[in-house]
Amino acid sequence: MKKPKELHRFYKSKDWKLAREIKIFDANGRCERCGALGEEVHHKKSLTLNNIGDTNISLKQNNLELLCKKCHNKEHKRFSNQQQFDKEGNLISR
């Protein structure tokens, strides 16, 4: 699924890049769940088009978590058989 342009622009912004770097530094570059190499900064409260302008959600360090790819995929249930889609390709919530 392609990200909406507003989210794409946010992830390219200087503010996001700075917040991301601070989180990586503060976590010593390690996944905050398993201690592996941290590669992706996760929003604990998901970033949406409705809250992207709220810096408490988009940029504040207490809403960010450095994760390894495995833990980030697990958090979002990517590549698991727990996700199901309807005939039109929409994600079905469980």
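Sequence positions, counted from 1, serve as the residue numbers for this chain. Below, each value reflects all heavy atoms present in this structure, side chains not excepted, and no hydrogens, waters or symmetry copies.
Linking ILVMFWY side-chain heavy atoms closer than 4.5 Å, directly or via other members, places Tyr11 and Leu66 in a single hydrophobic cluster. Neither Leu59 nor Ile22 shares a network with the other; the hydrophobic side chains, linked directly or stepwise wherever heavy atoms of I, L, V, M, F, W or Y lie under 4.5 Å apart, form separate groups for each. Two different hydrophobic clusters hold Ile24 and Leu67 under the rule that ILVMFWY side chains link at heavy-atom gaps under 4.5 Å.
To the nearest 0.5 angstrom, Ile57 atom CD1 is 10.0 Å from Asn50 atom CG. Here Arg78 contributes atom CZ and Lys70 contributes atom NZ; the two are 15.0 Å apart, rounded to the nearest 0.5 Å. Of the inter-residue distances, the one linking Cys71 atom SG with His76 atom NE2 reads 11.5 Å to the nearest 0.5 angstrom. The distance from atom CG of Leu49 to atom CG of Leu7, rounded to the nearest 0.5 Å, is 5.0 Å.
The backbone N or O of Asn51 sits less than 3.5 Å from a side-chain atom of Thr48, completing a donor-acceptor pair. No donor-acceptor pair under 3.5 Å is formed between the side chain of Asn28 and the backbone N or O of Arg30. A donor-acceptor pair is defined here as one N or O able to donate and one able to accept, closer than 3.5 Å; such a pair exists between the side chain of Gln61 and the backbone of Ala19. Checking side-chain atoms of Asn63 against main-chain N and O of Lys60 turns up no donor-acceptor pair under 3.5 Å.
Under the 3.5 Å distance criterion, with hydrogens and angles disregarded, a donor-acceptor pair is assigned to the side chains of His72 and Glu40.
Atom NZ of Lys44 has more than 12 neighbouring heavy atoms from other residues, nucleotides or ligands inside a 6.0 Å radius.
Classified by interplanar angle (parallel below 30°, tilted 30° to 60°, perpendicular above 60°), the ring pair His43/Phe10 is tilted.
Among the candidates Lys23, Arg33, Lys45, the single residue satisfying the salt bridge (Lys or Arg N to Asp or Glu O under 4.0 Å) test with Glu65 is Arg33.
Side chains of Leu37 and Glu39 form a contact here, defined as non-hydrogen atoms less than 4.5 Å apart.
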